[in-house]
Each structure stands twice: as C-alpha cells, then as structure tokens.
There are 2 protein chains.
Amino acid sequence: MPASQRRYDPDRRARIVRAALDVIAERGVAETTHRRVAAAADVPLGSMTYHFATLDALLADAFSLLADTVSARFTERLAAAATVDEAREAVVDLIVDESWATPRNMLLSYELYAYAARNPPLRRVMQAWMAQSQAALRRHFPPDTAKVLDAMIEGLSIHRSVDAEPMARDQIRAVVERLTADPAGAVPGAGQR
Amino acid sequence: MPASQRRYDPDRRARIVRAALDVIAERGVAETTHRRVAAAADVPLGSMTYHFATLDALLADAFSLLADTVSARFTERLAAAATVDEAREAVVDLIVDESWATPRNMLLSYELYAYAARNPPLRRVMQAWMAQSQAALRRHFPPDTAKVLDAMIEGLSIHRSVDAEPMARDQIRAVVERLTADPAGAVPGAGQR
DNA sequence: TCCCGATGCGTACATATGTACGCATCGCCT
DNA sequence: AGGCGATGCGTACATATGTACGCATCGGGA
C-alpha cells in the first residue's frame, strides 16, 4: 500500500496558478517558492517543474490571471451602467467598494507593479490591463476623460489602502463629478485661463 | 603585506543604505541579498551583520531613506511656488518632470508599496510620507483638494510610467486646473449640474 | 482492447543565502 | 600616552532553494 495515491487531477495546472496568487498575496513575490506554492496547491514538488519551465514562468501566469480576473470585474461593473450618472456611480464604487479594491487585490497589484517593472512580458500585460480599463470607461466618457478617470481610480485606491483616514464616499463622488463634467457644455469658456 | 588594507570608513553605514537602494532599484527586493549590497557598497560581507541586525532592518532603513529624500524634494518643489498658479504648475511638474517621477523612483516606490503592505513599521513610514506630501500641498490648496491632488499625482505618475503613450503636459495641466478650480469663487454656479 | 504519451510523484544535488563568530586594528577619550 | 571599545574583515556553517531526473501509472485515441 503506497503512502500516497496517484491522483487523477486535470486542471492541476490552473490550481497551481491560483495557489501561486495566494502565496504571493500572503508572503510576497520575494518569499514565493516552488515548495510553498506546491504546498498551497497540494501537489508534490515535482509537479512544479513539470507544469512550469521556471518559477518566473509561473509568476507570469499568475499575474496574467490576476490581470484578467480583475480587469473583467472592472469591465463588468462599468458595463452594468446604463446612463452617464450610473457610470459615475460605478466609478465611485470601484474606488470605495470592498469588492474590487480589496486589500488582497491592492497587495497583488503592488507586487505586480514591482515585478512588471523588470519584466517586459508582464509589462505588456499591465499595459493591456490599462487599455482594457480605459476601453471600459470609454463606453461612457470621452477618451481623454477615460484616461484621467483611470489614473484617478488608481491613485485614490492606493491612497485609500494606505491612508489611516480615507476620504468619504461623498468627497470621492464630488471628485468624479468634477472630472467628468462637460466643460464645453454648460458654461462656455468658464474653465479656461 | 595583507591582501586588503583595513579602511577608516566612517559613514560606511550610510553608504550601505544607499547601496541597498541601488540594488533594490536594479534587482528588486526579491533579489536583494547581503552579498549583493555588500558588493555595491564595496564592503566585506561581515560588515552587513555588524551594522544591521537583519536584512529586513537594512531594507527598512533603505526605504525610510527613500521616503525622506523623495518627500523632501516634493516639499521643496512646492515651497518654491509663491502663488496658486505657480503651485499648480509645480504639481504638473511633479507629474511630468523627469526630476521627481524618475523611472528609478517609481520603481522603488512600487517595491516599497509591496514591502510595506506586509510590514507595519514601513507602513507607518508610507503614511508619514503621504501626510508630508499633503501638508506641502496644503500650503497652497484647501485640505480636501490637497488629498485629491496627492492621489491624482500618484495615479498619473504611475500611469505615465506604464502607458506607452502618456498624456501630454497640457492635458495634465487641464486636469490639475479642474481639480483646483474654486467652485464657489470665480464663476458662481458654473461647474454645478 | 491495447498501448503510448501525458501526467504524477519522490528524491537528489549543486548552489546561494542569512547569520554567527573570532580575530585584527585603529580612533578617540581620559 | 595608553588602552579599550568600536569598527573592520574573513570565513564557517546550517538551511532553503531552483531545477533535473527516473520511474510509476493511468486515460484516451487508434
């Protein structure tokens, strides 16, 4: 009787990738090792090198999964908005709501930023992520505004995760309104000079 | 004749800390080791454990130095502004100019974010950094605006460092003006509704 | 049904790493 | 002037890590 059964385990590969994200979230890239991920995914060490040529390859897959997942959620939330006002509210939600700017997601994003800064393929993943976000915003706002909003979401989310006393929802809504108000519309020439 | 002279080397400790930042910038926290920092600072390995109880202690000192340095520069640039218009221009500079949002600084910031997320003392360092930035902004803008501006600087800087085609200076100035325009002041009722 | 390639599993091994330690040497305080 | 504590320096060592490898086993296509 063998100490451990051989398992039939399709989608083991996917499970390893998810486990990698867990380990990164809990320990950081610096302490993410084959053995820790293997333990988290409940697979033997040998399985790591079988499914992934190198540790960096695994990290790349993990971060790509992160980008896809979070990006999809972002797009979904914005697609649910029918009017511009609803879109504005969606943006506020994305910043304030606990469902997107999760501590875990913020943490993973930081790790990704640091990692991608030195890794061209991952850099492209980040760029694609940004492009996707802006595309989602462009469904409701003009291109320039979309870019600005995207950056604002980024900045406010980060500060929210660090600041001891984060801004109130109302303040954030006010900011979003300021950034999305149509300058050419209501009062021509007002904001200029 | 000994292979290497014993050196008189005050401020060796400070040099090690600076070298640590160099290594982090070049290799990332994940690949920052005693030996690499020692080589970068041109000191023997034994010197590391003499000056720093642990590798984490060294990293903490390095990141604190980063925060102090960058924060001072930020404050300095803003203090140079005499009028609100000049302050606005300073903010634009901080985002666009190559002197603050250096690739190196951005990179180091990412590493810090990731590291601080799991390290309470460093977290406090980050909070102090943020507080300092906002205090500098409050010299020219009301508190709420200062917070928003700070977040906007963060977001735009990051996106600038990732985006293949970053926003033009004029666009950024327009954003800053939008965020800092006094709604109650110049053109009553203009920006509302 | 059969078999072969894909997948599972354990282990080995060279290397890099954090940290401790012992001794040498010199600046600085009295 | 003297000595002592701080600082410099080399090295040792246990451990963790990335990766390779060999064999076992099973599922699914021919």
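Protein chains get the first letters and strands the later ones, always in sequence-line order, with residue 1 at the start of each.
In the model, A:Ser99 has a side-chain atom that pairs as donor or acceptor with a side-chain atom of A:Asp97 under 3.5 Å. Residues A:Tyr110 and A:Ser161 have side chains that bring a donor and an acceptor to within less than 3.5 angstrom of each other. Side chains of B:Arg27 and B:Thr32: a donor-acceptor N/O pair is absent below 3.5 angstrom, by distance only.
One finds no salt bridge joining A:Lys147 and A:Asp144 here, because no Lys/Arg side-chain nitrogen approaches an Asp/Glu carboxylate oxygen to under 4.0 Å.
Counting to the nearest Å, the C1' atom of C:dG8 and the CD1 atom of A:Ile16 are 11 Å from each other. Between the CG atom of A:Leu58 and the C1' atom of D:dT17 there is a distance of 15 Å, rounded to whole Å. In this structure, A:Tyr50 places its OH atom 16 Å from P of C:dG10, rounding to the nearest Å. A:Asp9 places its CG atom 17 Å from the C1' atom of D:dA24, with the value rounded to the nearest Å.
Among all heavy-atom pairs drawn from B:Asp42 and B:Arg7, the shortest one is O-NH2, 2.6 Å.
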Return the polar atom pairs (N/O with N/O) between nucleotides 18-21 of chain D and the protein under 3.5 Å, or none.
residue : atom : partner : partner atom : Å
D:dG18  : OP2  : A:His34 : N            : 3.1
D:dG18  : N7   : A:Arg35 : NH1          : 2.9
D:dG18  : O6   : A:Arg35 : NH2          : 2.9
D:dT19  : OP1  : A:Thr54 : OG1          : 3.3
D:dT19  : OP2  : A:Leu55 : N            : 3.2

Could you run down the sub-3.5 Å N/O contacts of the protein with nucleotides 26-30 of chain C?
residue : atom : partner : partner atom : Å
C:dC28  : OP1  : B:Tyr8  : OH           : 3.3

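OP1 or OP2 of C:dC9 sits under 4.0 Å from a side-chain N or O of A:Arg12. For D:dG8, one of the phosphate oxygens OP1 or OP2 lies less than 4.0 angstrom from a side-chain nitrogen or oxygen of B:His51. When the side-chain nitrogen and oxygen atoms of A:Arg13 are compared with OP1 and OP2 of C:dT7, none of them lie within a distance under 4.0 Å. Residue A:Arg36 places at least one side-chain N or O under 4.0 Å from the OP1 or OP2 atom of D:dT17.
In terms of modelled atom types and a separation under 3.5 Å, the side chain of A:Thr54 and the main chain of A:Ala57 share no donor-acceptor contact.
Open room surrounds CZ on B:Arg73; 12 or fewer heavy atoms of other groups in view lie less than 6.0 Å from it.
A centroid separation of less than 6.0 Å is found between the aromatic rings of A:Phe63 and A:Tyr115.
Every residue two or more places apart in sequence or in another chain was checked for a side-chain hydrogen bond (donor to acceptor under 3.5 Å, both in side chains) with B:Gln127, and none qualifies.
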